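This report concerns only the one structure given below.
Just so it is clear, the model here is predicted, and its values are computed rather than measured.
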Amino acid sequence: MQTASPPTRSELTQHLVDTKIAGNIATSRENNLDHYRSLALADPYYMFGLTFDNEWTYRDVLALMAKSAGVIDDPEHRAGQDAIDPERTIDALEGMAARIAAALRKPDPRIIIATGHPTGIMTIHLALARFAAARGATLLTPAEGLMISSGGLGRKRRVMYFDEVAVLADGGALVHSHDPAPMQAMLARLDGDRPDLVIADHGWAGAAGEAGVETVGFADSNDPGLFVGEAEGKIAVTVPLDDNVFPRHYAPLTSYLIARVESDL
């Protein structure tokens with residue numbers, strides 16, 4: 001599947017920092033902390049369809065994000081630069097690769113891939129869909145064309161698939177979405193016949209994890225929901241990264257991830 005040699009770990013680390021996928025990221029400290037407070041207040045927009053068994057205070061969320069994503073752990077650092085630790089990104093990529101490989105080793109593996117990011121990391125999902133299909137996986141496409149109430153104000157949006165990657169569309173435009181409703185509808189259409197794995201982000205991942213499906217996902221430093229879901233055992237692996245840099249910048253990360261899956265098969 002790969003036309004170029006994947007980067008070494010040290011090469012990928014440098015690339016992540018150079019492109020601000022990790023390292024000193026574009027997301028501001030103020031934005032991160034605001035979202036951590038919102039999650040601690042159980043704002044559904046940031047919970048991604050997950051429910052939590054434990055009470056997560058603002059300080060708890062910040063401490064978890066420092067541990068899982070490498071954001072600055074000092075609660076007195078309230079403005080300016082924040083960061084994602086590239087080593088944590090790569091550790092999580094390797095954990096994700098192991099989960100994908102385990103699914104692909106099953107007889108007739110069934111996988112759902114979905115993204116709330118029609119820019120940025122959608123390119124990773126598309127590459128994983130092509131790879132999984134070439135390795136014999138069935139990529140499930142439930143609820144194609146279904147209209148979903150999403151985005152507030154009674155707005156209806158449609159579940160669509162691009163190369164078997166689920167996205168949400170509003171008329172002729174693809175939309176950025178945190179909404180768990182599309183994945184909830186997709187799983188309902190399967191009548192309990194669960195996929196072996198979901199690869200997703202935002203509410204697509206949260207809803208799958210909440211339903212008890214093996215789920216791996218990508219999340220930015222200002223999207224703590226999946227990290228809390230991982231801490232509570234509902235999400236298998238969450239990869240921290242800036243989720244909306246230029247799509248071409250994700251190519252080395254994608255190559256590294258797929259190479260790791262191949263080595264684990």
Only one of Ile84, Thr89, Val245 passes side-chain contact (heavy atoms from CB on, under 4.5 Å) with Leu16; say which it is. Thr89
As a quick check of understanding, evaluate side-chain contact (heavy atoms from CB on, under 4.5 Å) for Leu39 and His35, giving each step before the final call. CA-CA 6 Å; Leu39 183 66; His35 289 199; over 6 Å; no
Please name all residues satisfying ring-ring contact (aromatic ring centres under 6.0 Å, His included) with Phe227, sequence neighbours left out, ordered by chain then number. none
Non-hydrogen side-chain atoms of Glu214 and Val198 separated by less than 4.5 Å: no
Measuring only between side-chain heavy atoms, which start at C-beta, is Leu50 closer than 4.5 Å to Val228? no
Can you tell me how far the CG atom of Asp170 sits from the NE2 atom of His176, to the nearest 0.5 Å? 14.5 Å
Around atom CZ of Arg158, are there more than 12 heavy atoms from other residues, nucleotides or ligands closer than 6.0 Å? no
Are Leu139 and Ile112 close enough, and set up right, to give a side-chain contact (heavy atoms from CB on, under 4.5 Å), and what steps lead you there? CA-CA 6 Å; Leu139 298 178; Ile112 289 177; over 6 Å; no
Might you point out which heavy atoms bring Pro109 and Gly136 nearest each other, and give the distance in Å? CD-O, 4.1 Å
Nearest-0.5 Å distance that lies between atom CD1 in Ile121 and atom CG in Asp201: 4.0 Å
Donor-acceptor pairs under 3.5 angstrom involving side-chain atoms of residues 101-108: please list them, not counting sequence neighbours.
unit_1	atom_1	unit_2	atom_2	d
Arg105	NH1	Asp264	O	2.6

Grouping I, L, V, M, F, W and Y whenever their side-chain heavy atoms are under 4.5 Å apart, do Leu128 and Leu265 come out in a common cluster? yes
With clusters defined by side-chain heavy atoms of hydrophobic residues (ILVMFWY) lying less than 4.5 Å apart, directly or transitively, does Ile21 cluster with Val216? yes
When rounded to the nearest 0.5 angstrom, what is the spacing between CG in Leu93 and CD1 in Ile258? 11.0 Å
Between NE2 on residue His77 and CD1 on residue Ile72, distance to nearest 0.5 Å: 3.5 Å
Check whether the side chains of Ser28 and Asn31 place a donor and an acceptor atom closer than 3.5 Å, and report yes or no. no
Where Pro195 and Leu190 come nearest, the two heavy atoms and their spacing: CD-CD1, 3.9 Å
Hey, are the side chains of Val159 and Glu144 touching, using non-hydrogen atoms and a 4.5 Å cut-off? no
So which of Asp34, Thr27, Ile25 actually passes side-chain contact (heavy atoms from CB on, under 4.5 Å) with Asn222? Thr27
Does Leu226 share a hydrophobic cluster with Leu62, counting links as ILVMFWY side-chain heavy atoms below 4.5 Å and allowing steps through other members? yes
Please step through salt bridge (Lys or Arg N to Asp or Glu O under 4.0 Å) for the pair Arg78 and Glu76, ending with a clear verdict. CA-CA 6 Å; Arg78 299 191 178 98; Glu76 299 306 313; 3.0 Å; yes
N/O donor-acceptor pair under 3.5 Å between Arg194 side chain and Leu187 backbone: no
How close do Gly116 and Pro118 get, counting heavy atoms only, and between which atoms? O-CD, 3.3 Å
Considering only residues two or more places apart or on different chains, which pairs with a residue in residues 231-245 satisfy side-chain hydrogen bond (donor to acceptor under 3.5 Å, both in side chains)? Thr51-Lys234, Asn54-Glu232, Trp56-Glu232, His117-Asp243, Thr119-Asn244, Glu210-Lys234, Glu230-Thr238
Mind running side-chain contact (heavy atoms from CB on, under 4.5 Å) on Arg189 and Leu146 for me, showing each step along the way? CA-CA 10 Å; Arg189 289 295 181 95; Leu146 186 68; 3.0 Å; yes
Nearest-0.5 Å distance that lies between atom OG in Ser221 and atom CG in Leu33: 10.0 Å
Considering only heavy atoms from C-beta outward, does the side chain of Ser149 approach that of Lys156 to under 4.5 Å? yes
Closest approach of Ala166 to Trp204 (non-hydrogen atoms, all atoms of both residues): CB-CZ3, 3.8 Å
Can you hop from Val239 to Phe131 via hydrophobic side chains spaced under 4.5 Å? yes
Residues Ser177 and Leu168: closest non-hydrogen pair is OG-CD2, 3.8 Å
Assign the ring pair His178 / Tyr45 to parallel, tilted or perpendicular, where the plane angle (0 to 90°) is split at 30° and 60°. parallel
Counterpart residues, ring-ring contact (aromatic ring centres under 6.0 Å, His included), relative to His125 (two or more places apart): Phe218
For Phe246, all residues meeting ring-ring contact (aromatic ring centres under 6.0 Å, His included), sequence neighbours excluded: His249
I'd like to know if the side chain of Glu94 pairs up with that of Tyr256 as donor and acceptor (distance under 3.5 Å, no hydrogens or angles considered). yes
Give the cluster check for Ile148 versus Val167: same hydrophobic cluster or not, with ILVMFWY residues linked at side-chain heavy-atom distances below 4.5 Å. no
Enumerate the salt bridge (Lys or Arg N to Asp or Glu O under 4.0 Å) contacts for residues 79-90, please, sequence neighbours excluded, ordered by first and then second residue. Arg9-Glu87, Arg29-Asp82, Asp85-Arg88
Does any part of the side chain of Pro142, heavy atoms only, come nearer than 4.5 Å to the side chain of Tyr161, both counted from C-beta? yes
Output the distance between atom CE (Met122) and atom CD1 (Ile113), rounded to the nearest 0.5 Å. 11.0 Å
Is a side-chain N or O of Ser263 found less than 3.5 angstrom from the main chain of Arg260, in a donor-acceptor match? yes
For the side chain of His202 and the backbone of Gly206, is there at least one donor-acceptor N/O pair under 3.5 Å apart? no
Is any side-chain heavy atom of Val61 less than 4.5 Å from a side-chain heavy atom of Met65? yes
State, to 0.1 Å, how close Ala205 and Thr215 come at their nearest heavy-atom pair, and which atoms those are. O-CG2, 3.6 Å
Any salt bridge between Arg110 and Asp196, counting N to O under 4.0 Å? no
Would you please test Thr115 and Val165 for side-chain contact (heavy atoms from CB on, under 4.5 Å) and show each step? CA-CA 7 Å; Thr115 183; Val165 175; 4.0 Å; yes
Under a 4.5 Å cut-off applied to non-hydrogen side-chain atoms, are Ile124 and Leu253 in contact? yes
